[in-house]
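In what follows, every heavy atom counts, from backbone to side chain, and hydrogens, waters and symmetry copies are set aside. Here the structure is a predicted model, which is why all the values come from computation and not from measurement.
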Amino acid sequence: MKLKPDSLLWLFPLISLLGFALLLLASCNEAPIAADMPIPTTTKASSSWTAVIEPARYHRLPAPLVPRAQSDLTSLFEIGIGLQTGIYRVEYDGQQFLIIPPTGDTALSLTLPGGDMLNILTADPDIVMQKTAAGEQIILTGQSEWADFQVVLYAYNFHPGLLRWRLEIMRHSDPPASPELELYFVNRETGEETAALLETYADRGPMAAPHLFTYSESLDSSLFYWVDLTALNLFMEAAHYTPSATPRRMKQRLGHSFSRNDLSQQPEGVVTVVYDSYLYLTPGQPANEDAMISRYLHNLGDIYDLIAIPNDPLPAWFDVTQWDGQGAPEGIHLETIHDLTDEQNWVTLNGKRYLRAYVA
């Protein structure tokens with residue numbers, strides 16, 4: 001059965017609402033890569049690094065709440081730098097991470113920032129691989145020509161195929177070029193960029209959910225990509241960055257979309273989060289529309305568990321016990337919440353009520 005992007009039309013109000021809630025929280029390598037190429041077999045002690053501390057009123061869960069596998073399907077390599085998550089091998093070859101399925105001629109390349117000119121993964125970083133209660137982490141810390149940096153790649157024990165990468169930089173000069181999109185498909189034998197043969201189920205909606213959901217015939221996997229905008233607050237404020245253009249798909253590439261100018265606007269000597277992104281890989285193509293939608297909600301739910309959320313107690317203006325039944329107490333926040341009950345803001349589809357898109 002051929003699935004069509006417009007089969008997800010009923011999800012658009014949900015996607016927009018989730019994106020709006022998230023925004024409220026926020027106010028190619030040319031070297032050949034042989035399939036059997038040995039990867040680095042040693043790790044070095046990590047350099048000291050002062051990581052970004054997220055605001056005190058936010059917290060993250062260490063792993064999604066609902067296990068998706070009965071046993072732990074992730075592990076670090078015993079030889080080389082990398083990890084296994086479900087059926088996928090994630091190998092660091094000194095220049096990039098390669099995400100490799102068990103069969104086929106295609107791998108997915110991850111460079112940070114995307115593109116040869118800015119790729120800090122080639123800067124001979126110190127590397128630490130560690131097992132945690134939630135899963136595995138690979139931490140790369142070092143210095144490029146234009147920035148000190150730390151990259152952390154995460155995998156999660158009972159959530160095969162779920163990856164997160166976070167890049168923090170301390171800029172000390174202007175970058176030499178603009179980043180490209182960080183994910184692209186390569187031939188495992190030659191290392192050359194190759195066709196992904198993508199079928200897109202859900203594209204990003206400007207100022208709505210910062211995600212892409214697609215199927216790659218070359219990788220025989222669906223890919224759910226998400227940008228954690230809340231984590232990029234300082235980056236966006238410094239660059240006056242509007243997140244309506246991220247994430248982005250350009251031909252066969254996927255990733256977080258920003259420019260050299262956005263990087264140049266980051267303050268020197270201050271650690272800033274540039275990437276905090278998730279990729280959920282699931283083998284095979286969904287069998288039908290119901291399976292596609294189920295996979296979408298499964299991926300979205302697990303990632304929503306991982307993004308930063310405000311701590312309890314909620315702000316006083318959110319306490320509906322203060323309402324007197326005659327309308328919201330004084331205050332713009334409560335008035336706004338009360339206004340959401342207006343029937344003009346709702347639509348009914350297939351017997352269920354949803355907030356209209358872009359209600360704000």
Side-chain angles (χ1 to χ4, degrees), residues 19-27 47-60 110-115 117-121 123 125 139-154 164-183 204-212 225-248 250 253-278 303 306-311 360:
F20 175 65
L22 184 64
L23 290 175
L24 280 179
L25 293 179
S27 353
S47 302
S48 60
W49 179 263
T50 302
V52 171
I53 299 176
E54 293 183 317
R57 64 179 297 261
Y58 288 90
H59 74 278
R60 291 178 182 269
L110 169 65
T111 59
L112 295 173
M117 290 292 292
L118 294 182
N119 185 12
I120 60 178
L121 297 180
I139 304 168
L140 302 90
T141 308
Q143 186 177 62
S144 71
E145 294 181 354
W146 60 278
D148 298 351
F149 64 87
Q150 184 173 90
V151 175
V152 185
L153 182 73
Y154 302 81
R164 172 190 174 200
W165 55 90
R166 181 178 171 101
L167 168 62
E168 300 179 1
I169 66 167
M170 182 187 294
R171 188 178 71 85
H172 49 70
S173 63
D174 288 340
S178 278
E180 299 177 13
L181 304 183
E182 74 266 25
L183 289 167
R204 65 170 174 81
M207 300 305 294
H211 77 345
L212 293 168
Y225 180 97
W226 182 277
V227 178
D228 184 348
L229 298 179
T230 304
L232 304 185
N233 274 342
L234 296 179
F235 169 83
M236 293 192 292
E237 289 173 4
H240 303 288
Y241 178 87
T242 300
S244 60
T246 196
R248 188 178 182 189
M250 180 178 288
R253 293 192 175 219
L254 311 170
H256 174 32
S257 178
F258 57 101
S259 69
R260 178 181 184 272
N261 183 63
D262 294 327
L263 286 176
S264 298
Q265 295 297 317
Q266 302 307 309
E268 294 189 25
V270 176
V271 180
T272 306
V273 181
V274 175
Y275 288 91
D276 202 328
S277 300
Y278 296 86
I303 291 173
L306 293 172
I307 62 177
I309 60 175
N311 292 323

How far does [atom1] of [X] sit from [atom2] of [Y], to the nearest 0.5 angstrom?
X	Y	atom1	atom2	answer
Y275	I169	OH	CD1	10.0 Å
M117	S178	CE	OG	10.5 Å
D174	Q265	CG	CD	9.0 Å
H172	D148	NE2	CG	4.5 Å
L183	L254	CG	CG	6.0 Å
M170	Q266	CE	CD	13.0 Å

Just wondering, do [Y] and [X] contact through their side chains at under 4.5 Å, heavy atoms?
X	Y	answer
H256	L232	yes
P210	W226	yes
Y241	T246	yes
L263	P179	yes
F149	L112	no
T272	E168	no

side-chain contact (heavy atoms from CB on, under 4.5 Å), that's the test. Do M250 and S257 meet it? Break it down for me.
CA-CA 10 Å; M250 180 178 288; S257 178; over 6 Å; no
Any chance you could lay out the side-chain contact (heavy atoms from CB on, under 4.5 Å) test for I120 and L167, step after step, and finish with the verdict?
CA-CA 10 Å; I120 60 178; L167 168 62; 3.3 Å; yes
Indicate yes or no for a side-chain donor-acceptor contact from R166 to the backbone of Q150 under 3.5 Å, with no hydrogens or angles considered.
no
Report the C-alpha separation of I307 and Y278 in whole Å, then their side-chain angles, then the decisive distance to 0.1 Å, and conclude whether the side-chain contact (heavy atoms from CB on, under 4.5 Å) test is met.
CA-CA 10 Å; I307 62 177; Y278 296 86; 4.1 Å; yes
Tell me whether the count of non-hydrogen atoms from other residues, nucleotides or ligands lying under 6.0 Å of CZ in R248 goes above 12.
no
Does a sphere of radius 6.0 Å around CD in E145 hold more than 12 heavy atoms from other residues, nucleotides or ligands, not counting ones at 6.0 Å or beyond?
no
So W165 and Y225, would you call those rings parallel, tilted or perpendicular, with 30° and 60° as cut-offs?
tilted
Would you name the heavy atoms of A177 and L118 that are closest together and state the gap between them?
O-CD1, 3.1 Å
Grab the two heavy atoms, one from S264 and one from P175, that are nearest each other, plus how far apart they are.
OG-CD, 3.5 Å
For a side chain to side chain contact (heavy atoms under 4.5 Å, CB included) with R164, tell me which candidate from D276, D228, V152, L306 qualifies.
D276
Trace of the side-chain hydrogen bond (donor to acceptor under 3.5 Å, both in side chains) decision for D262 with S259
CA-CA 5 Å; D262 294 327; S259 69; 3.1 Å; yes
